[in-house]
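Only one structure is covered here, and it is reproduced in the block below.
Source: prediction; values computed, not measured.
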Amino acid sequence: MEAVAGSGAQGGPAGGGKKKKTMKKLQRYWEGAPQPDPPAAASPKAKRRRNEKTRPRAGAKGSPEARKGLRVSGAAGRISGKRDPFPGAAPLPRHKVKKFQRGRKSQLAGASSRRLRDHLALLEQKVELAAQQAARMELLLPEEPGFLEGDPGEDTCTIAQADIAQAADIASATKHFELTLNQFGPYRMDYTRPGRHLLLGGRRGHVAALDWQTKSLLCEINVMETVTDVTWLHTETMFAVSQRRWLYVYDNQGVELNCLKRFNGVLRMEFLPYHFLLATASETGFLQYLDISVGTEVATICTRGGRLGVMGQNPANAIVHLGHSNGTVTLWSPNVKEPLVRMLCHQGGVRAVAVDSSGTYMATSGLDRKLRVYDLRAYQPLQSLVLPVGAGHLSFSQRGMLAAACGDVVQVYRDVPVQPPHKPYLSHTLPRAAHGLRFCPLEDVLGVGHGSGFTSLLVPGAGQANFDALENNPFRSRKQRQEWEVKALMEKIPSELITLDAGQLGRVDAITMEQKHQERVERLGFDPQATPAFQPRRKLKGRSSAGSLLRRKKKVANEEQRTKIRKSLEQQQAAEREPKAAPRAQRSALDRFRK
Amino acid sequence: MRVKVLSRNPDDYIRETKQDLQRVPRNYDPALHPFEVPREYMRALNATKLERVFAKPFLASLDGHRDGVNCMAKDPQSLSTVLSGACDGEVKIWNLTKRECIRTLQAHEGFVRGICTRFCGTSFFTVGDDKTVKHWKIDGPGYAGEEEPLHTILGKTVYTGIDHHWKEAVFATCGHQVDIWDEQRTSPICSLTWGVDSISSVKFNPIETYLLGSCASDRNIVLYDMRQSTPLKKVILDMRTNTLCWNPMEAFIFTSASEDHNLYTFDMRFLESPVMVHINHVSAVLDVDFSPTGKEFVCASFDKSIRIFPVDKGRSREVYHTKRMQHVITVKWTSDNKYILCGSDEMNIRLWKANASEKLGVLVPRERAAMNYNQKLKEKFQHHPQIKRIARHHHLPKAIYSQAKELRIMREARWWKELNRRKHSKPGSSPFVSEKKKHIVAVVK
């Protein structure tokens with residue numbers, strides 16, 4: 001705080017009048033009423049002095065000397081005679097704006113016309129302004145994400161759930177609970193997208209839907225059949241259950257809405273919320289897509305990958321990831337009958353696949369007891385770590401935490417793609433082996449379904465703190481939900497638009513000349529630019545023998561090549577004929593007379 | 001151990017009473033909004049579809065004339081008043097808000113050839129087949145008064161058009177020559193001629209108010225400066241120009257409606273080639289009027305339709321037609337940029353929306369915001385083939401559709417023929433002439 005001390009010394013009576021004028025003080029609203037002073041023209045040097053230098057001096061408040069120094073002499077512009085001490089917009093750090101920038105800037109130099117260039121420049125300006133305003137808006141977000149810090153020397157993974165619940169506030173403490181359901185386990189589970197409702201499906205037929213925050217039950221049924229997987233559809237009013245033979249859709253009262261017999265032997269399901277597609281993977285190796293808004297089967301793909309017990313979706317581009325028993329992970333879109341990408345990830349079968357919310361990283365675990373993290377932009381492995389038992393289930397949280405269920409132990413890792421963790425962030429032991437695992441969206445909660453019920457764990461820092469109510473609102477009313485549903489249906493993305501790069505539609509389709517030509521050929525059915533093959537004219541009797549025809553054909557066939565070679569030879573010779581200037585070192589004195 | 005677990009207080013997110021607005025916290029983090037581009041694309045597609053669904057431009061038909069409507073004029077002071085002259089010499093003044101005729105007067109014997117209002121909006125001038133120019137008050141006479149003009153000027157020849165100066169008490173008529181009159185005198189201040197022909201329309205420039213443009217029946221457009229006694233220059237086209245209209249925002253730009261189905265936008269400084277050729281009509285274009293923004297114009301055609309063209313586009317943005325509308329003779333774009341009026345052969349004046357799918361009336365702020373957002377989306381994705389296809393789709397009457405098809409075939413045939421001729425003649429002997437230059441015969445100064 002040297003600046004503070006210095007200003008105190010200079011602001012004193014010993015400072016001298018001239019000095020006082022240059023060392024102006026900032027007027028803050030808490031520093032008492034300002035004395036009315038006549039506006040005097042400030043020297044340009046003083047005007048230039050800005051926030052950084054003047055800010056710390058505000059610390060020296062109270063003393064009369066300091067208050068005298070507070071006088072602001074610049075009177076330009078304001079009726080009150082005050083000058084804005086921080087003129088212009090507040091500075092914004094670059095990295096904060098960068099978060100809101102999309103794509104690259106358009107190349108103004110490449111624009112052909114002046115009008116287009118001006119238009120693009122204007123657009124760029126607007127885009128930049130939008131990014132800046134969004135970055136400024138970030139300051140106003142009400143919530144802060146959670147965190148957990150151990151005491152010095154204490155590992156966070158040793159902290160028990162009970163301790164976290166005790167240390168946290170009451171509302172959060174209720175989010176850690178355990179449902180003991182010994183009869184019909186093990187349980188698969190799913191959360192709705194706003195994260196308020198929970199769906200449980202026990203293997204022996206028990207299906208329950210509940211509002212897990214208020215712990216109120218929506219419905220509880222026993223379907224009297226094996227349940228392999230459960231998932232919510234777009235809202236909390238409907239869910240799909242894959243049973244021993246077929247796929248069923250129930251509403252939140254447990255009334256069966258639909259039985260889809262075309263979907264048999266389903267093992268895993270993923271719901272693609274923006275496309276209203278339910279992707280199912282069956283034990284016979286079929287990947288099927290059901291459009292739940294109109295009830296049609298969009299695509300059926302025979303993956304030829306054996307029993308499909310491992311499935312994950314990329315939330316950023318709606319590509320389905322399937323894990324196979326030969327250690328490969330395949331990426332599928334409903335539009336292509338072949339996998340888009342096939343990656344060999346493990347020796348031995350793949351046990352679990354999860355993709356993070358940005359769609360950049362994929363975590364896989366296999367029978368070789370390894371947990372691997374891949375970069376999906378380059379399809380390169382980033383980290384690999386060996387877990388004692390190997391993870392059977394994986395899940396990424398919204399803020400990039402990775403939960404792995406290894407037998408009856410659940411471990412949560414932080415920043416896995418960035419650095420190989422030598423210790424988990426959190427660890428918890430379940431009564432029996434885990435069977436399903438999901439982070440609750442918008443909450444610091446990890447739900448685990450296991451052999452003897454369901455456990456809700458607190459994972460501070462897992463969930464997105466500030467939600468967007470037009471996207472996912474956990475506090476939405478019934479009317480809001482209905483309105484959201486209509487809007488979401490209106491902007492349902494057709495399944496044809498599922499590609500590896502979701503932003504492709506917004507880019508300029510720079511088609512090459514070659515492609516254009518190829519498309520034209522396809523459209524016309526013939527190549528309009530192709531030179532017709534030489535057909536020698538039939539000549540007089542005897543001169544049109546097969547041999548001579550062939551000779552004539554050959555002559556014409558190579559004609560083009562010959563002219564080309566001839567030309568290049570001529571050029572070469574011409575270049576050789578040109579007199580070369582001798583290198584300076586070999587030049588003799590008489591060379592200067594040479595023509 | 002320090003711990004903070006995410007815990008939201010519902011009071012911050014749920015409205016207190018039912019009278020409050022719902023709270024909608026936003027977070028613009030792109031990570032929370034996946035599939036931005038495809039979702040925006042779908043929104044743009046929906047907006048484009050809805051635009052076509054709501055495209056119901058026809059508002060009202062003003063009937064009352066007993067013969068074809070030959071000319072119209074806007075009142076510069078009142079948005080709701082419009083004047084129209086018919087082929088039987090009758091002039092009617094209309095109130096557009098009430099959609100009724102407020103005054104009728106028998107102005108001429110024979111056609112009312114031209115009508116124009118004074119810039120102050122208190123009086124108007126008409127010319128007719130009876131070789132007279134009449135000056136009328138807009139307000140009718142009191143009870144039991146007689147409809148009498150303020151002044152009547154008897155001319156020697158038939159006047160075919162009239163236009164008033166935008167600032168001064170001067171007006172111009174055309175017929176055998178262009179006459180410039182002072183309102184107070186009964187003989188013209190000056191008469192301008194260039195060759196012997198009949199002139200069909202004359203228009204004052206609204207910005208450079210001393211400039212005039214006229215179209216003559218020997219296929220030329222002549223420009224005059226009122227301060228000189230001789231015309232400035234003229235451009236000769238290959239077909240007759242029916243009328244022209246000056247751009248109200250750019251002083252040197254005017255658009256001419258030609259008999260050869262096209263409209264030509266000229267820069268008066270460079271008449272050698274038009275700035276833009278607007279091709280879409282399938283019959284002679286009879287009238288043209290600019291929007292007050294100067295970015296678009298509307299034109300009426302003999303093919304029983306009116307079209308709206310952006311100034312810088314060669315193809316029309318919109319085409320309006322009804323089953324009952326016959327040859328459209330006159331058209332006007334209202335000064336609030338919202339409506340279009342057209343008068344046609346079958347004695348009706350029709351009122352259209354300038355933007356076919358626009359919602360009329362007061363918009364709630366949310367509605368306006370949604371509209372602006374949709375407009376921007378449509379602009380952003382306008383080049384995507386699916387969206388372009390829907391946005392371009394307009395229903396056309398069968399006659400116009402087949403005529404357009406025929407014209408296209410003819411144009412293509414001509415193009416091929418020219419191409420073949422060029423291919424088989426000496427290089428350079430039959431040069432390529434662009435569409436813009438094709439229709440200009442000469443420029444004379």
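- Of the possible polar contacts, none joining the Asp356(A) side chain to the Gly400(A) backbone as a donor-acceptor pair under 3.5 Å is found.
- Tyr28(B) does not carry Arg102(A) over the face of its six-membered ring by the limits of under 6.0 Å from the centre and within 45° of the normal.
- Only the side chain of Ser477(A) comes within contact range of chain B, with heavy atoms under 4.5 Å apart.
- Interface residue Leu32(B): backbone and side-chain heavy atoms are both found under 4.5 Å from chain A.
- In this structure, chain B has heavy atoms under 4.5 Å from both the backbone and the side chain of Ala167(A).
- The aromatic rings of Phe276(A) and Phe271(A) sit perpendicular, their planes meeting at an angle over 60°, well past the 30° parallel limit.
- Taking the six-membered ring wherever Trp is involved, the centroid distance between the rings of Tyr264(B) and His278(B) does not fall below 6.0 Å.
- Between the Asn335(A) side chain and the Glu496(A) main chain, a donor and an acceptor come within less than 3.5 Å of each other.
- Of the atoms belonging to Leu148(A), heavy atoms from both backbone and side chain fall under 4.5 Å from chain B.
- Interface residue Leu458(A): only side-chain heavy atoms are found under 4.5 Å from chain B.
- In terms of heavy-atom pairs under 4.5 Å with chain B, the best-connected choice from Ala465(A), Pro494(A), Ser358(A) is Ala465(A).
- Enclosure of atom CD in Glu16(B) is not indicated, since only 12 or fewer non-hydrogen atoms of other residues, nucleotides or ligands lie within 6.0 angstrom.
- Relative to the six-membered ring of Trp484(A), Arg476(A) meets both conditions, a distance below 6.0 Å and an angle of at most 45° to the axis.
- Using a 4.5 Å cut-off between heavy atoms, Glu491(A) touches chain B through backbone and side chain atoms alike.
- Contacts between Asp169(A) and chain B at a heavy-atom distance below 4.5 Å involve the side chain alone, from C-beta outward.
- If you measure heavy-atom distances from Lys175(A) to chain B, the contacts under 4.5 Å come from the side chain alone.
- The most heavy-atom pairs under 4.5 Å with chain B, out of Ala168(A), Ala171(A), Ala316(A), Gly150(A), come from Ala316(A).
- Ring pair Tyr13(B)/Phe467(A) is tilted by interplanar angle, where 30° to 60° counts as tilted.
- Checked by atom type and distance alone, the side chain of Ser172(A) never pairs as donor or acceptor with a backbone atom of Ser7(B) at under 3.5 Å.
- Across Arg43(B), Glu40(B), Lys380(B), His383(B), the residue that shares the most heavy-atom pairs under 4.5 angstrom with chain A is Arg43(B).
- Residues Asn205(B) and Phe254(B) fail the side-chain proximity criterion, which asks for heavy atoms closer than 4.5 Å.
- Without hydrogens or angle criteria, Gln166(A) side chain to Asp163(A) main chain gives no donor-acceptor distance under 3.5 Å.
- If you measure heavy-atom distances from Ile493(A) to chain B, the contacts under 4.5 Å come from both the backbone and the side chain.
- With a threshold of 4.5 angstrom between heavy atoms, Pro315(A) approaches chain B through N, CA, C or O but not through any side-chain atom.
- Options Thr156(A), Leu497(A), Asn317(A), Val459(A) differ in how many heavy-atom pairs under 4.5 Å they form with chain B, and the most are formed by Asn317(A).
- The environment of OH in Tyr401(B) is sparse: at most 12 heavy-atom neighbours from other residues, nucleotides or ligands sit within 6.0 Å.
- Here Gln22(B) is the residue among His384(B), Gln22(B), Arg23(B), Arg15(B) with the most heavy-atom pairs under 4.5 Å with chain A.
- Of the listed residues Gln398(A), His275(A), Gln504(A), Lys479(A), the one with more heavy-atom pairs under 4.5 angstrom with chain B than any other is His275(A).
- In terms of heavy-atom pairs under 4.5 angstrom with chain A, the leader among Asp12(B), Asn9(B), Val24(B), Leu45(B) is Val24(B).
- A 6.0 Å sphere centred on CG of Leu139(A) holds no more than 12 heavy atoms belonging to other residues, nucleotides or ligands.
- Heavy atoms of Glu138(A) lying under 4.5 Å from chain B are absent altogether.
- Contact of Met490(A) with chain B is made through backbone and side chain together, with heavy-atom distances under 4.5 Å.
- The only option from Lys96(A), Lys99(A), Arg399(A) that meets the salt bridge (charged side-chain N to carboxylate O under 4.0 Å, His left out) definition with Asp29(B) turns out to be Lys99(A).
- With a 4.5 angstrom heavy-atom cutoff, Glu154(A) touches chain B only via side-chain atoms.
- For the set Arg8(B), Met42(B), His33(B), the entry with the most heavy-atom pairs within less than 4.5 Å of chain A is Arg8(B).
- Heavy-atom distances place both the backbone and the side chain of Ala318(A) under 4.5 Å from chain B.
- Contact of Leu442(A) with chain B is made through backbone and side chain together, with heavy-atom distances under 4.5 Å.
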